[in-house]
K.L.:
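Dropping a structure here in structure tokens format, bear with me for questions.
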Amino acid sequence: MNAMYAMTPCTLDAPRLARLGRLAIELPSWGFADTGTRFGKFLQPAAALTLEDKLDDAQQVHRLTGACPSVAIHVLWDLVEGDAAPLLNAAKTRGLRIGSINPNVFQDQCYKHGSITNEDASVRRRAIDHLLASVEIGRAVGSTALAPWIADGTNYPGQGSIVRRKRWIMEALRTVHDAMPASMQLLIEYKPFEPFFYHTDIADWGMAAAFARHAGPRAKVLVDTGHHLLGQNIEHVVAFLADESMLGGFHFNDRHYADDDLTLGSIDPARTFRIFLALCEAERASGRDLPIEFMIDQSHNLKPKVEAMVQSVVTAQELFAKALLVDLDALDAARARQDIVGAEECLKRAFATDVRAALASWRVSRGLPADPLEAHRESGYESRMAATRLPRKVSAGGSYA
Ligand code: PSV
Ligand code: MN
């Protein structure tokens with residue numbers, strides 16, 4: 001082989017495995033419940049009905065992978081505003097932590113024309129009050145992140161004053177930021193379209209970063225990997241935000257067209273690998289693990305939900321492991337000599353390395369199943385849950401025929 005391309009072998013050594021072991025992935029409560037498309041729901045007998053069911057499912061994923069100690073919750077879907085003690089207890093008894101609190105200012109009828117951007121001051125007030133109530137839930141359960149998705153936007157040119165709406169968002173997010181305990185971060189999520197189709201008030205990472213900067217020092221950007229226009233270079237966004245100390249977290253999923261909520265890495269594993277590589281480079285530059293929340297945001301209509309989550313976690317670990325394998329010194333040396341092919345080969349070599357056997361032994365060394373997906377199937381969890389949940393669903397009026 002040409003000496004120029006002779007690189008050190010790709011091995012997952014102890015520091016790399018240690019870093020992998022510190023990758024904690026948060027599960028979304030809503031990913032375990034029956035959900036659908038805008039055309040209908042395909043129900044699953046084993047899907048969760050209650051918050052307790054969702055936490056049971058999250059516990060199963062954590063038991064199998066050892067990587068998912070926290071669960072993101074959605075206010076209104078999981079609990080109403082107010083007493084959060086039952087939520088805290090339900091998580092604790094299962095050895096889990098409540099992670100990000102996702103307020104809900106998009107489903108109530110009053111938000112038809114916007115929440116914190118509504119022309120009606122009483123609706124704006126109601127939305128802010130809900131965000132503040134969500135902060136209180138977070139405080140009560142010891143959550144470290146409030147993750148509001150502001151779905152506001154318009155469908156037609158002229159429908160709203162983009163500037164007035166921008167200013168209302170700035171005001172609202174600053175109010176929320178200032179109400180948060182010091183231990184909490186405000187993660188601002190962006191999305192270019194849906195549910196509105198002409199303009200979205202927080203359409204991209206640049207707007208989210210501007211809103212975050214205005215809100216205060218504990219406000220950062222949340223990158224949902226499904227929330228980009230086709231062709232967006234997501235790893236560039238990630239590298240840029242990380243270097244600006246503005247990257248607060250991820251909502252991981254994959255997509256082919258829009259916000260498809262598909263299993264991480266199912267469509268384009270190379271992109272997820274490059275996103276992880278951007279993080280590895282940022283971590284090397286800063287000399288420490290970045291304080292980022294890695295969260296899954298996926299809602300599966302067709303795949304069994306627990307399986308899809310296990311698959312996503314295992315895929316995240318595999319792709320992070322591959323990114324950790326990139327020889328960053330060799331990469332930098334190739335860049336220094338302006339060797340484009342050499343640099344690209346550093347990436348290709350790591351991405352092509354099959355890490356599955358190494359990860360299987362790593363899992364076993366940590367007392368975990370070598371193959372979490374296989375262990376899940378062998379456990380019979382899915383059919384046990386179907387047996388206990390289906391009758392409850394049918395008696396609640398669900399139709400599974
Ligand atoms: C919106 O598409 C979103 O990504 C937000 O994060 C919501 O909280 C979540 O999906 C709901 O499924
Ligand atoms: Mn999301």
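Read the numbers this way: they start at 1 and go in the same order the structure lists the ligands and their atoms.
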K.L.:
Is the NZ or CZ atom of Lys322 positioned over Phe351's six-membered ring, under 6.0 angstrom from the centre and within 45° of the axis?
P.N.:
yes

K.L.:
Between Arg213 and Glu244, does any NZ, NE, NH1 or NH2 come within less than 4.0 Å of an OD or OE carboxylate oxygen?
P.N.:
yes

K.L.:
Give a rough value, rounded to 10 degrees, for the angle at the Mn ion (ligand 2) between atoms ND1 of His251 and OD2 of Asp297.
P.N.:
90°

K.L.:
Within ligand 1, which atoms have a heavy atom of Asp224 less than 4.0 Å away?
P.N.:
4 (O)

K.L.:
Starting from atom 12 (O) of ligand 1, find the nearest protein heavy-atom neighbour and note its residue, name and distance.
P.N.:
Trp30 NE1, 3.4 Å

K.L.:
Polar contacts were defined as any N/O atom of the residue lying under 3.5 Å from an N/O atom of the ligand; does this apply to Trp77 and ligand 1?
P.N.:
no

K.L.:
Would you mind running through ligand 1 and noting each atom that sits below 4.0 Å from a heavy atom of Asp259?
P.N.:
2 (O)

K.L.:
Looking only at side-chain N and O atoms, does Asp13 offer a donor or acceptor that is under 3.5 Å from a partner on Thr11?
P.N.:
no

K.L.:
May I ask you to list the atoms of ligand 1 that are less than 4.0 angstrom from any heavy atom of Lys191?
P.N.:
1 (C), 2 (O)

K.L.:
Between Glu26 and Ser100, do the side chains contain an N or O donor and an N or O acceptor separated by less than 3.5 Å?
P.N.:
yes

K.L.:
Give the C-alpha distance, both sets of side-chain angles, the deciding distance and a yes or no for salt bridge (Lys or Arg N to Asp or Glu O under 4.0 Å) between Glu281 and Arg335.
P.N.:
CA-CA 14 Å; Glu281 289 206 68; Arg335 288 166 176 168; 2.9 Å; yes

K.L.:
Side chain or backbone, does Trp149 bring an N or O within less than 3.5 Å of an N or O on ligand 1?
P.N.:
no

K.L.:
Step by step, work out the side chain to side chain donor-acceptor pair (under 3.5 Å) result for Gln311 and Lys303.
P.N.:
CA-CA 11 Å; Gln311 217 186 10; Lys303 280 184 175 175; 2.8 Å; yes

K.L.:
For atom 10 (O) of ligand 1, which protein heavy atom lies nearest, and how many Å away is it?
P.N.:
Asp297 OD2, 3.1 Å

K.L.:
Would you please determine whether Glu194 falls within less than 4.0 Å of ligand 1 on a heavy-atom basis?
P.N.:
no

K.L.:
Do the side-chain N and O atoms of Asn301 and Ser299 include a donor-acceptor pair separated by under 3.5 angstrom?
P.N.:
no

K.L.:
From Asp259, does some N, O or S atom reach closer than 2.8 Å to the Mn ion (ligand 2)?
P.N.:
no

K.L.:
Salt-bridged, Arg218 to Asp178, with N to O below 4.0 Å?
P.N.:
no

K.L.:
Measure from the ring center of Phe240 to the ring center of Trp205 and say whether it is less than 6.0 Å.
P.N.:
yes

K.L.:
What is the closest protein heavy atom to atom 8 (O) of ligand 1, and at what distance does it sit?
P.N.:
His74 NE2, 2.9 Å

K.L.:
Which single N/O/S atom of Asp224 lies at minimum distance from the Mn ion (ligand 2)?
P.N.:
OD2

K.L.:
Looking at the Mn ion (ligand 2), is there an N, O or S atom belonging to His227 that lies under 2.8 Å away from it?
P.N.:
no

K.L.:
For His227, counting its heavy atoms only, list the atoms of ligand 1 lying under 4.0 Å from any of them.
P.N.:
1 (C), 2 (O), 3 (C), 4 (O)

K.L.:
What is the name of the N/O/S atom of Glu189 that is nearest to the Mn ion (ligand 2)?
P.N.:
OE2

K.L.:
Closer than 4.0 Å to some heavy atom of His251 - which atoms of ligand 1 meet that?
P.N.:
6 (O)

K.L.:
Ignoring hydrogens and angles, state whether a donor on the side chain of Trp77 or Gln107 is under 3.5 Å from an acceptor on the partner side chain.
P.N.:
yes

